[in-house]
2 protein chains.
Amino acid sequence: MPRPSRRDHLIETAITLFCEHGYHATGIDRLLATAGVSKKTMYQHFRSKEELIYAALQQYDSVFRNNFMKAVEDIGKTPEEKLLAIFDVAETWFNGNKFFGCMFINAIGEYSEQESPIRDISKQFKKLMWGYVNGLAKDACVKNHKALADELCLLLEGSIVTAQVSQNPQAAFIAKKMAQRAVQEALA
Amino acid sequence: MPRPSRRDHLIETAITLFCEHGYHATGIDRLLATAGVSKKTMYQHFRSKEELIYAALQQYDSVFRNNFMKAVEDIGKTPEEKLLAIFDVAETWFNGNKFFGCMFINAIGEYSEQESPIRDISKQFKKLMWGYVNGLAKDACVKNHKALADELCLLLEGSIVTAQVSQNPQAAFIAKKMAQRAVQEALA
DNA sequence: ACATAAAGAAACAGATTTGTTTACCTTATT
DNA sequence: AATAAGGTAAACAAATCTGTTTCTTTATGT
């Protein structure tokens, strides 16, 4: 059981490929060849491709949010600084060499059905991110912290898509500028 | 030649299905059955599925921007009002019964290759939208109109994704509030 | 070293994909 | 009415997709 388990490695590979090429466009065969894992082993761990997608999204949700929060708290010391550090972390993310937008936004684009588990986990991810920002806003003694969280999260979404589609390397800074105004007004 | 040409009808159907179900998930057979057009006819008009996708995006680009600009100018009378009307138009769009996010954002999620024509047209669409907003900002005598256009476009992207993924019906209003601040500061 | 469990390789099945081709039908125009 | 264009329907091809199965190899624990 030690060693990077086949299961984990499959999920890792799935995240990489689904991010870059999308969900439908990434075939099982290709994924398995990339991971160097046999089909039998995969179907032993996951009942279907959709289950693998789901597991990949779960893992990504956990890892991404953890790293994101750590990075934010590394940059920002005061709660107010942390709120703005969100966009510094975003900037690093966007201008890295393997940025293909948000896995969850992309997932919703391919799986729009209302009751899909993929839909649900994507929505949930955004809710958890909102919860984190809301917590930071509370810590910063923002009276209307919910409204500020709404605004900052929307700015983050906007910067992600702007970086992805328009490929504007300034996306994070544009958002940060508006975030500064939002925080300033929320604290006034 | 029947009145609504087969070509136009195919494009119309393509837009509807690609919007709702995505690009890879929408098979040619299904599209043709929905449109009530034979396969032969389709391949007479479009050399491949990708060409049909491209034509659909072209058509959508034209129709969407035209309708969008008309709607904005219907609501806002002064240039400054028009800048904010963007988000009223967005609100109507989001809360309509067939909103599945932005076709171009979704397209990039499925076709991330750098040199793809699908990528190019999506990027171009955003550029044209930016150009429109930039023009409005100029008309409103905003000194740094480019920066304001950057901000308002990012807010629009953010509201689209927030409405699509988080399904927050307030998305447009949250963005509008920040847009008001942005315009106010740009005019100060 | 041996027994047992796990993984790989590859064939296979069945559905579905894009795209081509063949044969027939409908309809406008001359 | 004959012709020609443009349409449908359906069979077909070849590739690819998800998922199953079989047989073999490789590790691991005792």
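As a basis for the values below, the full set of heavy atoms in this structure was taken, side chains included, without hydrogen atoms, waters or symmetry mates.
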* What pair of heavy atoms forms the shortest contact from A:Met103 to A:Tyr60, and how long is it? -> SD-CG, 3.6 Å
* To do: Scan side-chain atoms only and decide if B:Gln167 and A:Gln114 contain a donor-acceptor pair under the 3.5 Å cut-off.
  => yes
* Asked: Whole Å only: how far is the CG atom of A:Asp8 from the C1' atom of C:dA7?
  -> 16 Å
* Within less than 4.0 Å of OP1 or OP2 of C:dA7, is there a side-chain N or O belonging to A:Gln44? -> yes
* Asked: With distance as the sole test, does A:Lys49 use its side chain to make a donor-acceptor pair with the main-chain N or O of A:Tyr23 at under 3.5 Å?
  -> yes
* Between the main-chain N or O of A:Arg181 and the side-chain N or O of A:Glu185, is there a donor-acceptor pair closer than 3.5 Å? -> no
* To do: With heavy atoms under 4.0 Å as the rule, sort B:Thr41 into base, sugar-phosphate or nothing.
  => base
* Report yes or no: does A:Ser166 contribute a side-chain atom to a donor-acceptor pair with the main-chain N or O of A:Asn168 at less than 3.5 Å? => no
* To do: Let me have a per-nucleotide readout for nucleotides 12-21 of chain D, 5' to 3', with B, S or -, counting only protein heavy atoms under 4.0 Å.
  => ------BBBB
* To do: Nearest whole angstrom, please: distance from the C1' of C:dT20 to the NE2 of B:His45.
  => 17 Å
* Whole angstrom is fine here: how far is it from CG in B:Leu32 over to C1' in C:dT16? => 14 Å
Solution key, residues 29-42 of chain A side-chain donor-acceptor pairs under 3.5 Å, sequence neighbours excluded:
{"unit_1": "A:Asp29", "atom_1": "OD1", "unit_2": "A:Lys39", "atom_2": "NZ", "d": "3.1"}
{"unit_1": "A:Arg30", "atom_1": "NH2", "unit_2": "A:His21", "atom_2": "NE2", "d": "3.2"}
{"unit_1": "A:Thr34", "atom_1": "OG1", "unit_2": "A:Arg30", "atom_2": "O", "d": "2.8"}
{"unit_1": "A:Ser38", "atom_1": "OG", "unit_2": "A:Thr41", "atom_2": "N", "d": "3.3"}
{"unit_1": "A:Ser38", "atom_1": "OG", "unit_2": "A:Thr41", "atom_2": "OG1", "d": "3.0"}

